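Quick caveat, the model's predicted, so the values are computed rather than measured. Numbers restart at 1 for each chain; the letters A, B, ... are given by sequence-line order, proteins then strands.
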Amino acid sequence: MDHDVLPMPESTSMDTVTLRPFVLADLDAMMAWASDPVVTAFMTWGPYTSRDALLAFLRDTVLPHPWFRAVCLGGAVVGAVSVTPTDDRCRAELCVVLARAHWGKGVATAAPKRAVAAVFGDLDGVERVEALVDVDNAASQRALEKAGFTREAVLRSYCVVKGRLRDMVMYSFISTDPLVK
Amino acid sequence: MEQSSQETPRAVEVTLRPFELSDVDAMMVWASDPQVAAVCSWDAYESTEPLLAFIRDAVLPHPWYRAICLAGEDRPVGAVLMMPTGDLCRAEIGYHLARAHWGKGVATAAVKRTVAALFDEMEGLERVEALVDVANPASQRVLEKAGFTREAVLRKYCAIKGVVKDMVMFSFINTDPLVE
């Protein structure tokens, strides 16, 4: 399997954050964050209560996906990052999710950094990677900003998340933007 | 789109109605105009046969595609459409107008009517948005005059005729005041 390896300058952890494709054996690791209501609070999905339902998601959506990666820290799978093409070939959407035990360590910044370093080469025609973050999700906003994303706008009444109408912050990383070390 | 920023002395009245196949000749006026097509994803039509097919196959079955008519006239001078998104709370609009009617407030009037109609007709709709090329200030002014909020420039957002563009995102949400 391929590993995207870059050394982490932060002193908070000596472990390296790497990305690799998912395998079915990652199900239990995935369940750790996918079943956590705090992790999924800002997501349109979850929390998962059934291993079978998550297995179906892993098998039917994750494995065939054009760009879905496990976020690994020191060999353990601690989260996921995906870049999903949209109807417009030049534009794809990034999503990051991390197990709560690994919040606040720089992993949420490292994962999108690794993703944008690789994805423009991997996904033909993509020039823009964007991410939509809930206005109240300050931690995710900071992580993307530290990863070099540009905060473009607050999009008002953009979508409904868990029954509530939300304003979302739009972030983007363009293929010509400088990669953050 | 409108090219003049001159204020019109009195409000333009337009009506919106569904298209019919018999509108093909009226539609050909703007559909064959390279200046109208320049800012759109399609190429100017050179004959009515493919345009008739387009009306039949894309316009008539469309969830919300309306002819823009000047008040008291039945001949369309343009079109406005609603494009559903992945979410029921959010819809995108687009519009085009025959060049002879640019700069007169017609597109602005049509967009105002469209916003009012969509919030009235579409259950669960909270946000109407429109994307305009950064290089198309006339169309941006239409939306501003119709009461939309300019939210952002979205870089390298989409490709129009194979060229990736920066687009300005405009929105009108359910609680915004409708402009008379």
Chain A heavy atoms under 4.5 Å from [X]: which part of the residue, side chain, backbone, both or neither?
X      : answer
B:F172 : backbone
B:D176 : side chain
B:V153 : backbone

Could you tell me whether [X] and [Y] have a side-chain N and a carboxylate O separated by less than 4.0 Å?
X      : Y      : result
A:D26  : A:R20  : yes
B:R127 : B:E92  : no
A:D88  : B:K156 : no

Looking at [options], which makes the most heavy-atom pairs under 4.5 Å with chain B?
options                      : value
A:G125, A:S157, A:A153       : A:S157
A:V154, A:L165, A:V160       : A:L165
A:T44, A:D87, A:T176, A:T150 : A:T150
A:E152, A:E130, A:R89        : A:E152

Open item on the list: Here's one to test your reading of the geometry: is the NZ or CZ of A:R91 within 45 degrees of the ring axis of B:Y157 and under 6.0 Å from its centre?
Closed with: yes
- [ ] Compute both the distance and the angle, then confirm whether A:R166 meets the cation-pi test with A:Y158: under 6.0 Å from the six-membered ring centre, within 45 degrees of the axis.
- [x] no
Measuring heavy-atom distances to chain B, does [X] have an atom under 4.5 Å in its side chain, in its backbone, in both, or in neither?
X      : result
A:D177 : side chain
A:L155 : both
A:T86  : neither
A:F173 : backbone

Task: Neighbour count >12 (heavy atoms, 6.0 Å) for atom CG, A:L63 - done: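 More than 12 heavy atoms, drawn from other residues, nucleotides or ligands, come within 6.0 Å of this atom.
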Open item on the list: Ignoring hydrogens, what is the shortest heavy-atom contact between A:P85 and A:V83? Give both atom names and the distance.
Closed with: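 Result for this residue pair: CD-O, 3.7 Å.
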